[in-house]
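These numbers were taken from a predicted model, which means no experiment stands behind them.
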Amino acid sequence: MNKLFQTALVAVVGRRHVLTEAGRKAYYCTGFRSGMGEALAVVFPGSLLEQWRVLKVCVEHGAAIVMQAAKTGLTEGSCPSGNDYGRPVVVVNVTRIKRIILLDGGKQAIAFPGSTLHELTEMLKPLGRVPHSVIGSTSIGATVVGGIANNAGGALCKRGSSYTQLAMYARVNEQGRLELVNHLGVEGLGDDPEAILRRLEEGGIEAGDVKAWDVPASDQAYAERIRDLHADVPNRYNTDPRRLFEVSGSAGKVAAFAVRVDTFAAPERRAVFYLGTNDPADFMRLRHDVLSEFKALPEMGEYMNRETFDTAERYGKDVFLTIKYLGTPRLPKAYKMKAYAEHVLHRVPLLPKYLPDRVLNYASRLFPQHLPKRLRAFRDRFEHLLLLDTTDDAIEEARAYLAERWAVPGAGPGDGKATSGRDYFECDAEEQAAGLRHRFAAAGAGLRYQTMHSATTEDELALDVARLSHDDTWTRPPPPEVAERLDRLLRYGHFFCYVFHEIYIFRKGTDLGRMKRLLLDQLDAANAKYPAEHNVGHLYEADDTLRRFYEQLDPTNTFNPGIGKTDKAPRASSRVGAITLAENQ
């Protein structure tokens with residue numbers, strides 16, 4: 001039976017694009033940071049039409065389907081989890097299906113499933129426009145569709161989580177039938193699924209066929225939400241019912257073929273400020289003042305504590321140098337090569353685990369100091385650090401505010417005369433670039449630290465937290481039982497959005513399950529939401545809202561079963577394997 005199934009998949013995409021050998025499947029069956037599972041095959045369709053036909057074959061053979069793109073997710077949601085699905089599992093990797101269609105001079109874009117956020121960014125640059133989101137994994141190949149499917153938050157204060165109501169996708173309905181849902185807002189594509197997909201792929205869309213310009217294609221209300229300092233829910237979090245709509249927030253419970261997203265005018269000027277304080281209440285006042293008084297919001301406000309700075313300086317140096325000297329376009333391929341090398345080397349007895357990480361870390365120490373002097377001086381003086389990125393009208397507002405209400409009396413900004421309290425300086429071009437690279441490198445520094453100290457530490461415990469806008473407990477120490485087992489705590493995040501990434505590294509022998517429960521209990525007491533922007537994957541439990549959403553999208557539990565710690569078993573249907581078109585339903 002499985003041989004017939006594999007033969008049917010090969011007939012659609014060709015032998016080269018169906019992986020069935022364990023060694024070749026391993027990379028695609030393993031999460032970016034953790035997690036792994038079994039799959040009968042990994043399939044790489046090369047067109048929208050091939051993707052549709054692969055899905056048909058999978059449905060006809062009763063398989064569970066795991067949709068996968070660049071595999072940059074951090075919560076194990078884009079790979080199989082274990083081998084207890086009770087049916088064959090097929091991973092459908094869509095990274096070959098790359099195309100971006102710009103609409104109305106680039107005011108919107110239609111992105112196919114394998115198109116990356118970086119590719120969209122580069123395509124928009126000559127038009128003086130920027131995409132709907134900027135996220136950490138932009139540089140390592142994150143796709144536009146993947147961001148939408150996971151409500152990826154990103155770093156931007158003005159544009160919020162990735163979101164659209166305009167999409168084309170496939171689902172398996174209550175009768176077990178694969179159907180194509182066309183809510184892309186483009187007319188004249190044909191009358192049946194294959195005709196529609198073929199026409200869309202050809203790209204000959206007439207301007208008059210593009211409709212639904214009034215339908216949201218981005219998180220249009222975010223700038224208003226972020227200014228609400230008294231809301232009873234956080235600004236953004238993955239289970240926010242206001243941001244769950246078909247593909248948006250679907251976490252792979254449907255198979256997206258295309259999403260339509262807004263783009264935005266690029267800023268003309270930029271100024272980046274670096275702030276430091278030893279009193280977190282200073283940053284709370286700053287956040288309140290900026291969100292309540294500034295007419296123009298900053299682009300970003302990226303926070304990190306001193307321990308994060310130190311860890312990223314030593315254990316994220318190779319990432320920093322790679323971005324600086326190779327540039328972001330080469331990063332996705334470099335990460336893929338590294339991950340593949342790890343899978344090969346793991347099968348060699350006696351070799352250290354994650355050997356490429358160890359080699360890269362030791363090699364990076366041969367290079368001279370990579371961080372500018374003033375950034376390091378602020379790390380030495382202050383426990384809490386903030387990179388404030390402003391553009392256009394927000395620049396002068398920030399300069400005036402910092403000079404009048406942040407600078408320490410008697411000391412010029414960043415001149416080193418203030419020995420306590422708080423201080424700031426405006427970055428020059430080198431400091432600006434270095435500060436942003438260092439913040440990106442921090443995202444993986446905790447994992448690298450744990451890798452280098454695996455003999456004395458347990459696996460990294462990473463939490464992704466959205467706090468209430470008026471919550472002043474964001475620097476509260478962990479519970480005593482947690483603190484006494486800690487080796488290192490990294491805290492960084494998007495400060496004005498009030499979304500934090502907390503990385504806990506525990507000493508060997510610690511019960512990570514108990515530590516996580518204690519930490520989540522503390523977050524629950526503060527009415528925080530988690531996960532904030534990485535989605536539930538297989539690490540977090542989906543709440544009732546998310547469970548109902550998943551069941552509505554995927555009533556037979558065909559796509560990504562088990563996500564959010566839900567059941568992996570198929571749900572009953574009067575399955576006949578028919579193919580239907582559900583347009584404007």
Side-chain angles (χ1 to χ4, degrees), residues 121 124-125 127-136 138 153-160 218-220 222-227 229 235 262-277 282-304 371-375 377-378 382 384-409 411-416 418 422-440 492-499:
T121 301
L124 292 172
K125 276 183 181 179
L127 304 177
R129 301 191 70 80
V130 292
H132 58 289
S133 183
V134 173
I135 57 179
T138 298
L156 299 179
C157 298
K158 301 176 183 178
R159 304 202 281 278
S218 62
D219 189 354
Q220 296 174 353
Y222 189 70
E224 180 181 346
R225 288 206 315 278
I226 196 177
R227 289 185 183 272
L229 297 170
N235 300 313
D262 288 330
T263 72
F264 300 83
E268 297 180 0
R269 298 178 296 130
R270 168 170 263 111
V272 174
F273 304 88
Y274 210 72
L275 288 71
T277 183
D282 287 336
F283 279 161
M284 284 293 292
R285 284 189 291 271
L286 169 79
R287 182 175 183 275
H288 178 278
D289 293 345
V290 168
L291 295 180
S292 62
E293 298 176 16
F294 277 34
K295 294 180 180 178
L297 287 172
E299 291 294 304
M300 296 185 288
E302 293 298 292
Y303 165 83
M304 68 172 66
L371 295 176
K373 182 178 180 179
R374 283 203 293 183
L375 269 64
F378 262 46
F382 301 115
H384 305 283
L385 304 162
L386 182 72
L387 188 148
L388 178 60
D389 184 354
T390 63
T391 58
D392 297 339
D393 293 344
I395 295 175
E396 295 308 322
E397 283 190 279
R399 282 177 178 153
Y401 176 89
L402 293 173
E404 295 170 10
R405 296 160 68 176
W406 183 269
V408 176
D415 64 4
R422 60 178 186 257
D423 202 354
Y424 81 98
F425 64 87
E426 184 169 345
C427 298
D428 60 27
E430 179 189 1
E431 292 165 337
Q432 175 180 319
L436 291 168
R437 289 190 203 106
H438 189 57
R439 168 60 184 85
F440 176 80
Y492 56 93
H494 318 304
F495 192 68
F496 294 109
C497 303
Y498 231 36
V499 168

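- Without hydrogens or angle criteria, Arg225 side chain to Asn235 main chain gives a donor-acceptor distance under 3.5 Å.
- The distance from atom CZ of Arg270 to atom CG of Asp389, rounded to the nearest 0.5 Å, is 4.0 Å.
- Side chain of Glu431 to main chain of Pro372: no donor-acceptor pair is present (N/O by atom type, distance under 3.5 Å, no hydrogens or angles).
- Rounding to the nearest 0.5 Å places CZ of Phe378 at 13.5 Å from NZ of Lys373.
- Here the closest non-hydrogen pair linking Ala434 and Leu375 is C-CD2, 4.4 Å.
- Ring geometry for Phe294 versus Tyr401: interplanar angle over 60°, hence perpendicular rather than tilted (30 to 60°).
- The side-chain tip of Arg287 points at the ring of Tyr498 from less than 6.0 angstrom away and within 45° of straight on.
- To the nearest 0.5 Å, atoms CG (Asp282) and CZ (Arg405) are separated by 12.5 Å.
- Between Met300 and Leu436 the shortest side-chain heavy-atom distance falls below 4.5 Å.
- The closest donor-acceptor contact from the side chain of Thr277 to the backbone of His384 lies at 3.5 Å or more, if one exists at all.
- Scanning all heavy atoms of the two residues, the minimum distance from Cys497 to Cys157 falls at SG-CA, 4.2 Å.
- Not a single donor-acceptor pair under 3.5 Å links the side chain of Asp392 to the backbone N or O of Pro267.
- Residues Tyr222 and Arg159 are not in side-chain contact: their nearest non-hydrogen atoms beyond the backbone lie 4.5 Å or more apart.
- Using a 4.5 Å cut-off on side-chain heavy atoms (C-beta onward), Thr263 and His132 make no contact.
- Looking at every heavy atom in both residues, Thr390 comes nearest to Pro298 through CG2-CB, 4.2 Å.
- Side-chain contact check for Arg227 versus Leu297: some heavy-atom pair is nearer than 4.5 Å.
- In this structure, His288 and Leu229 have side chains that are in contact, with non-hydrogen atoms separated by less than 4.5 Å.
- Rounded to the nearest 0.5 angstrom, Phe273 CZ and Leu402 CG are separated by 6.0 Å.
- Heavy atoms of other residues, nucleotides or ligands lying less than 6.0 angstrom from CD of Glu293 number more than 12.
- Between Phe425 and Tyr274, the ring planes lie tilted relative to each other; the angle falls in the 30° to 60° range.
- Residue Leu387 comes nearest to Gly435 through the heavy atom pair CD1-C, 3.4 Å, listed as atom of the first residue, atom of the second, then distance.
- Residues Thr391 and Lys158 form a side-chain contact, since some pair of their non-hydrogen atoms from C-beta on lies under 4.5 Å apart.
- Shown here for Leu385 and Gly276, the closest heavy-atom pair between the two residues is CD2-CA, 4.2 Å.
- Taking every heavy atom of both residues into account, Val130 and Ala265 meet most closely at CG2-O, 4.1 Å.
- The CG atom of Leu286 lies 12.0 Å from the OH atom of Tyr424; values are rounded to the nearest 0.5 Å.
- By the 30° and 60° cut-offs, the orientation of the rings of Phe495 relative to Tyr303 is tilted.
- Under the 4.5 Å side-chain criterion, counting only non-hydrogen atoms from C-beta, Asp262 is in contact with Gln220.
- Heavy atoms of other residues, nucleotides or ligands lying less than 6.0 angstrom from CG of Asp428 number more than 12.
- Side-chain contact between Arg422 and Leu275: absent, with no pair of heavy atoms (C-beta onward) separated by less than 4.5 Å.
- How far CD1 of Ile226 is from CZ of Phe496: 8.0 Å, rounded to the nearest 0.5 Å.
- Ion pairing of Glu426 with Arg399 is present here, as a side-chain N (NZ or NE/NH1/NH2) and a carboxylate O approach within less than 4.0 Å.
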